[in-house]
A.B. asks: 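One structure coming up, written as structure tokens, with questions to follow.
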Number of protein chains: 2
Amino acid sequence: MAITLKDIAEKTNCSVSTVSRVLNNKSKEFRISEETERLIIETARKLNYRPNELARGLRLKKSHTIGLVVPDISNPFFAYVSHLIQRYAYNSGYSLILCNTDEDIELEIQQIELLRRKGVDGYIILPVGTKQEHINELLTHNKPLVLLDRIFHDMNTNAVVVDNRKGAYQAVKHLIDNGHKRIAIIQGLRNTSTNNARLGGYVDALKDNSIPIDERLMVGNDFRKENGYIETKLLLKIEEPPTAIFTTSDLITLGTLQAIAEEGKTIPKDVSIVAFDDIDYAPYLMAPLTSVRQPRDLMGQIAVKLLIDDIESTGTSKKEKLVLDPKLILRKSVFNLYSHKDEFSAVYSGY
Amino acid sequence: MAITLKDIAEKTNCSVSTVSRVLNNKSKEFRISEETERLIIETARKLNYRPNELARGLRLKKSHTIGLVVPDISNPFFAYVSHLIQRYAYNSGYSLILCNTDEDIELEIQQIELLRRKGVDGYIILPVGTKQEHINELLTHNKPLVLLDRIFHDMNTNAVVVDNRKGAYQAVKHLIDNGHKRIAIIQGLRNTSTNNARLGGYVDALKDNSIPIDERLMVGNDFRKENGYIETKLLLKIEEPPTAIFTTSDLITLGTLQAIAEEGKTIPKDVSIVAFDDIDYAPYLMAPLTSVRQPRDLMGQIAVKLLIDDIESTGTSKKEKLVLDPKLILRKSVFNLYSHKDEFSAVYSGY
DNA sequence: CATCCCAGCACAAAGGTTTGTGCTAAAAAT
DNA sequence: ATTTTTAGCACAAACCTTTGTGCTGGGATG
């Protein structure tokens with residue numbers, strides 16, 4: 001079927017090894033005559049030879065493939081980062097095997113297992129975050145690996161994350177500065193580094209401003225839309241409802257928007273919102289969203305660079321933990337309770 | 001390093017072939033004693049044996065991998081479809097190699113070439129659409145393949161698309177029904193099946209209602225945000241500006257929204273919009289978007305099913321071309337010029 | 001007792017590469 | 001004329017599986 005080195009060898013009356021060397025640009029190194037070289041290259045082109053990467057990978061113990069494990073590629077934030085990762089990886093000569101975990105830790109374990117069988121050269125993982133033995137396993141076997149977005153603090157590995165605590169702190173502080181005291185947080189998946197840090201920033205900001213912590217305002221348990229929808233519905237019905245909600249992911253925000261629309265409330269008049277993940281549509285929503293923007297361009301790029309450095313240094317490269325700064329983008333989803341006007345800083349960020 | 005069949009064979013004093021057969025559940029078929037079977041399975045488990053899929057793939061001529069070629073995974077529509085594809089593929093035992101073409105035909109050709117080298121078992125391609133020889137090449141070599149979203153009409157292959165002409169027709173008809181006569185279309189990449197069909201629907205709707213075609217209102221040339229932004233800016237400045245814009249992709253819409261916001265106009269009062277691709281955020285935008293929804297859940301699922309049927313039938317399965325129906329979702333981005341009120345049909349679709 | 005059968009496994013090839021080593025013939029050196 | 005060098009390439013192993021075929025020893029059969 002497919003053309004192999006052997007076919008070329010037969011056509012040219014050379015040995016397979018000679019053909020291989022010529023096609024791998026090792027003609028000089030092995031003193032192969034220019035005539036032979038030309039002949040081989042020519043017939044390879046004519047036969048439309050295509051190296052079999054499986055065979056190469058087997059022999060070379062290198063697949064030129066990296067595994068990308070994300071919770072949910074349909075989440076715009078992950079989709080954006082994945083796009084960049086794909087591009088940088090491709091430009092560096094690597095393909096990407098895409099795995100969705102759907103925030104299911106068992107699925108994550110399975111998918112990583114599969115990636116090992118496939119012999120990927122390295123892993124970029126946005127872990128679910130509730131278990132880590134399987135990832136430790138990779139590390140003890142010296143598999144090149146970089147953690148992205150979420151992190152395990154006690155793990156010695158490459159990682160690229162945003163300073164979630166700082167981002168959350170800024171978000172909540174901004175609400176406080178605008179006079180809000182009943183501030184709710186809709187959390188993502190509990191006990192993930194991301195959620196812990198965002199929750200931490202929330203709590204810190206309240207404490208620093210002597211605002212009592214109210215457990216009833218600290219709701220939610222995963223990063224999806226439904227979570228945002230349900231929790232917002234409930235929040236709007238409690239006794240002393242919040243005047244502001246801090247939503248900790250773009251999908252949560254989507255659910256929150258839906259709930260607010262359904263209840264006939266308006267943003268920011270009835271309820272203020274600060275979101276995490278500054279999606280592209282944020283400026284053009286019902287109320288242009290004030291939100292915490294992650295440096296998503298950098299994240300993908302750095303992750304790939306760290307990973308490929310690790311792969312190609314064969315274990316000699318230092319592990320780096322990079323913490324990037326988030327940035328609060330002010331728009332119009334926060335009501336200023338002091339001036340009774342829209343956002344005190346009316347800087348319109350058109351993205 | 002990694003445990004191989006050979007290692008297990010040595011530990012158990014069996015031959016490699018016996019180990020292979022046991023681990024592939026062929027003990028009975030090859031009359032291997034239960035004792036040996038247990039021993040092998042046990043030590044495989046103890047040593048944490050992991051089959052090398054590269055070697056398997058080489059031997060079996062099957063990689064259990066499919067190549068997914070998309071124009072841009074960061075586009076929410078493609079991201080959503082990709083997520084589904086990944087899930088169905090995984091559940092059927094296939095991994096996904098993800099390729100972005102960035103709407104660049106040369107990149108598409110390169111990526112497909114690479115996929116062939118990697119020995120993928122099949123392809124799901126959302127082609128750029130400006131060249132097709134490289135895809136024909138795959139077909140003549142009997143590679144399982146399904147085209148998604150965009151199509152080549154003269155190509156005998158599996159394909160899943162939406163009826164773009166009908167969707168566009170409905171969209172424009174809806175504008176006409178609301179009294180609009182100056183209707184612009186911002187096109188995507190010219191000469192792609194998708195764009196041709198959407199443009200066709202636009203033209204048909206105008207003709208059927210005796211509205212003259214105005215070339216100045218038929219602008220745009222790719223599916224990205226920047227295109228929507230620039231063209232909208234220009235459209236708003238021409239002599240007799242349009243009262244309505246039909247945007248032919250979600251990213252174009254995003255750019256259009258940005259331009260309209262910048263110009264200080266409001267939707268739908270100053271300009272009406274009907275969009276293609278009903279993104280999740282559509283109901284919660286500045287003006288809840290009236291838009292054409294594609295059956296994106298079905299598209300991914302069907303594509304995977306067609307492909308895997310083709311792969312596993314080894315060429316005996318018929319090629320299917322499926323055309324799915326789009327649906328116009330009415331919200332509030334169209335101004336009724338007759339009644340001077342918001343959308344005559346005020347059905348609010350909360351998605 | 002000789003023959004046959006069959007359970008139970010091993011051998012080796014094949015799949016397409018890469019690569020260390022070895023071989024041959026011609027050219028150069030002595 | 002004999003030895004040494006070197007250009008130019010071939011051989012075979014190795015990577016890890018899978019699989020067609022063949023081998024062996026013990027029990028049953030005649």
Side-chain angles (χ1 to χ4, degrees), chain A residues 1-41 43-44 47-65 93 114 116-121, chain B residues 1-41 43-44 47-65 114-121:
Chain A
M1 293 260 324
I3 303 299
T4 72
L5 288 184
K6 198 172 161 195
D7 297 324
I8 300 179
E10 282 166 4
K11 288 268 186 222
T12 59
N13 288 321
C14 295
S15 76
V16 170
S17 52
T18 301
V19 177
S20 170
R21 291 198 243 255
V22 167
L23 294 182
N24 285 295
N25 290 320
K26 302 194 179 170
S27 306
K28 295 119 271 174
E29 185 180 341
F30 287 86
R31 305 160 307 176
I32 292 164
S33 71
E34 293 200 359
E35 188 186 5
T36 310
E37 184 178 6
R38 265 200 312 276
L39 178 63
I40 288 176
I41 289 180
T43 59
L47 296 181
N48 209 356
Y49 170 70
R50 217 183 312 271
N52 181 326
E53 294 293 334
L54 281 121
R56 283 190 102 219
L58 180 60
R59 177 64 228 250
L60 261 28
K61 291 183 167 309
K62 185 144 174 40
S63 60
H64 286 278
T65 302
L114 183 58
R116 289 184 73 171
R117 297 179 175 203
K118 296 242 170 185
V120 299
D121 297 332
Chain B
M1 291 263 326
I3 303 299
T4 73
L5 288 184
K6 197 172 163 196
D7 298 323
I8 300 178
E10 282 166 4
K11 289 267 186 223
T12 59
N13 288 320
C14 296
S15 76
V16 170
S17 53
T18 301
V19 177
S20 169
R21 292 198 242 254
V22 167
L23 295 181
N24 286 295
N25 292 319
K26 302 193 178 170
S27 307
K28 295 119 275 174
E29 185 181 341
F30 286 86
R31 304 159 309 175
I32 292 164
S33 70
E34 293 199 359
E35 189 186 5
T36 311
E37 184 178 6
R38 266 198 311 277
L39 178 63
I40 289 177
I41 290 181
T43 58
L47 296 182
N48 209 356
Y49 170 70
R50 218 182 311 271
N52 181 325
E53 294 294 334
L54 281 115
R56 284 190 102 219
L58 181 59
R59 178 64 229 247
L60 261 29
K61 293 187 166 307
K62 185 146 175 42
S63 61
H64 285 278
T65 302
L114 184 58
L115 288 174
R116 287 184 77 170
R117 297 180 174 203
K118 297 241 169 187
V120 299
D121 298 331

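None of the values given here were measured: they were computed from a predicted structure. Proteins get letters first, then strands, A, B, ... in listed order; numbering begins at 1 in each.
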A.B. asks: If you check every side-chain atom of B:Ser15, which of C:dT19, C:dC6, C:dA10 has the closest atom?
C.D. replies: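 That would be C:dA10.
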
A.B. asks: B:Lys26 NZ to D:dT21 P: how many Å, rounded?
C.D. replies: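 Checked: the NZ to P distance equals 15 Å.
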
A.B. asks: Hey, does B:Ile32 reach any base, or is it just sugar-phosphate, or nothing, if we go heavy atoms under 4.0 Å?
C.D. replies: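 The residue B:Ile32 makes sugar-phosphate contact but no base contact.
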
A.B. asks: Under 3.5 Å, is there any donor-acceptor pair linking the side chain of A:Ser17 to the base of D:dC11?
C.D. replies: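 For A:Ser17, whose side chain was compared with the base of D:dC11, there is a donor-acceptor pair (under 3.5 Å).
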
A.B. asks: Is any N or O donor-acceptor pair between the side chain of A:Arg21 and the base of C:dG20 shorter than 3.5 Å?
C.D. replies: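 Counting by modelled atom types and ignoring angles, a donor-acceptor contact under 3.5 Å is found here.
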
A.B. asks: Using a 4.0 Å heavy-atom cut-off, does B:Lys62 contact any base of the nucleic acid, only the sugar-phosphate backbone, or nothing at all?
C.D. replies: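 The residue B:Lys62 makes no contact with any strand.
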
A.B. asks: Between atom CZ in A:Arg117 and atom C1' in D:dT17, what is the gap in whole Å?
C.D. replies: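 Spelled out: CZ on A:Arg117 to C1' on D:dT17 is 14 Å.
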
A.B. asks: Rounded to the nearest Å, what distance is computed from the CZ atom of residue A:Arg31 to the C1' atom of nucleotide C:dC23?
C.D. replies: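 Checked: the CZ to C1' distance equals 12 Å.
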
A.B. asks: Measure the distance from CZ on A:Phe30 to C1' on D:dG8 and round it to the nearest whole Å.
C.D. replies: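 Nearest whole value for this atom pair: 12 Å.
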
A.B. asks: Contact class for B:Arg56 (heavy atom, under 4.0 Å): base, sugar-phosphate, or nothing?
C.D. replies: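 Sugar-phosphate: the residue B:Arg56, judged by heavy atoms under 4.0 Å, touches backbone atoms but no base.
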
A.B. asks: What is the separation between atom CD on B:Glu34 and atom C1' on C:dC9, rounded to the nearest whole Å?
C.D. replies: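 In whole Å, C:dC9 C1' and B:Glu34 CD are 16 Å from each other.
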
A.B. asks: Compare every heavy atom of B:Ala9 with every heavy atom of B:Ser15, then report the nearest pair and how far apart it is.
C.D. replies: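 That would be C-CB, 3.8 Å.
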
A.B. asks: Of all the nucleotides listed (C:dC9, D:dT17, C:dT19), which has the minimum atom distance to the side chain of A:Leu60?
C.D. replies: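 Between C:dC9, D:dT17, C:dT19, the one nearest the side chain of A:Leu60 would be C:dT19.
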
A.B. asks: Once you round to the nearest 0.5 Å, how far does OG of B:Ser17 lie from CD1 of B:Ile32?
C.D. replies: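 Those atoms lie 7.5 Å apart.
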
A.B. asks: Looking at C:dG8, C:dT17, D:dT17, which one has an atom nearest to any side-chain atom of B:Leu5?
C.D. replies: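 Shortest atom-to-atom distance from the side chain points to D:dT17.
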
A.B. asks: Is there a side-chain contact between B:Ser33 and the phosphate of C:dG8, meaning an N or O under 4.0 Å from OP1 or OP2?
C.D. replies: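 Answer no for this pair, as no side-chain N or O of B:Ser33 is under 4.0 Å from OP1 or OP2.
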
A.B. asks: Step by step, would you call A:Thr18 with A:Phe30 a side-chain contact (heavy atoms from CB on, under 4.5 Å)?
C.D. replies: CA-CA 9 Å; A:Thr18 301; A:Phe30 287 86; over 6 Å; no

A.B. asks: Determine: side-chain N/O of A:Lys61 to OP1/OP2 of C:dT17, distance under 4.0 Å, yes or no.
C.D. replies: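 Checking A:Lys61 against C:dT17: no side-chain N or O falls below 4.0 Å of OP1 or OP2.
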
A.B. asks: Does B:Lys6 reach a base, just sugar-phosphate, or nothing at all? Heavy atoms under 4.0 Å.
C.D. replies: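 Nothing, no nucleic acid heavy atom in range.
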
A.B. asks: For residues A:Pro51 and A:Arg56, report the shortest heavy-atom separation together with the two atoms involved.
C.D. replies: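 The answer is CB-CD, 4.2 Å.
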
A.B. asks: Report the nucleotide, chosen from D:dT17, C:dG16, D:dC9, that has the shortest atom-to-atom distance to any side-chain atom of A:Thr36.
C.D. replies: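 It is D:dC9.
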
A.B. asks: Using whole Å, what does the distance between atom P of nucleotide C:dT19 and atom CG of A:Leu23 come to?
C.D. replies: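 Nearest whole value for this atom pair: 13 Å.
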
A.B. asks: Mind checking if B:Ser20 touches a base, just sugar-phosphate, or nothing, with heavy atoms under 4.0 Å?
C.D. replies: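 Touches a base.
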
A.B. asks: For the pair made of CD in A:Glu29 and P in C:dT21, what is the distance, rounded to whole Å?
C.D. replies: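 One finds 14 Å between P of C:dT21 and CD of A:Glu29, rounded.
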
A.B. asks: Describe the nucleic acid contact of B:Lys28 in one word from base, sugar-phosphate, nothing, applying a heavy-atom distance below 4.0 Å.
C.D. replies: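 B:Lys28: no heavy atom of the nucleic acid under 4.0 Å.
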
A.B. asks: Does any non-hydrogen side-chain atom of A:Thr4 lie less than 4.5 Å from one of A:Asp7?
C.D. replies: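 Result yes, sub-4.5 Å side-chain heavy-atom pair found.
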
A.B. asks: Please report the distance, rounded to the nearest Å, between NZ in A:Lys118 and C1' in D:dT17.
C.D. replies: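 Distance, rounded to whole Å: 15 Å.
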
A.B. asks: At 4.0 Å (heavy atoms only), tell me whether A:Leu58 reaches a base, stays on the sugar-phosphate, or touches nothing.
C.D. replies: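 Result for A:Leu58 = base.
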
A.B. asks: Please tell me if B:Tyr49 has a side-chain N or O lying less than 4.0 Å from either OP1 or OP2 of D:dC16.
C.D. replies: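 B:Tyr49 to D:dC16 OP1/OP2: no side-chain N or O under 4.0 Å.
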
A.B. asks: May I ask you to test the B:Leu58-A:Asn52 pair for a side-chain heavy-atom distance under 4.5 Å?
C.D. replies: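 A side-chain contact exists here, since the closest heavy-atom pair is under 4.5 Å.
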
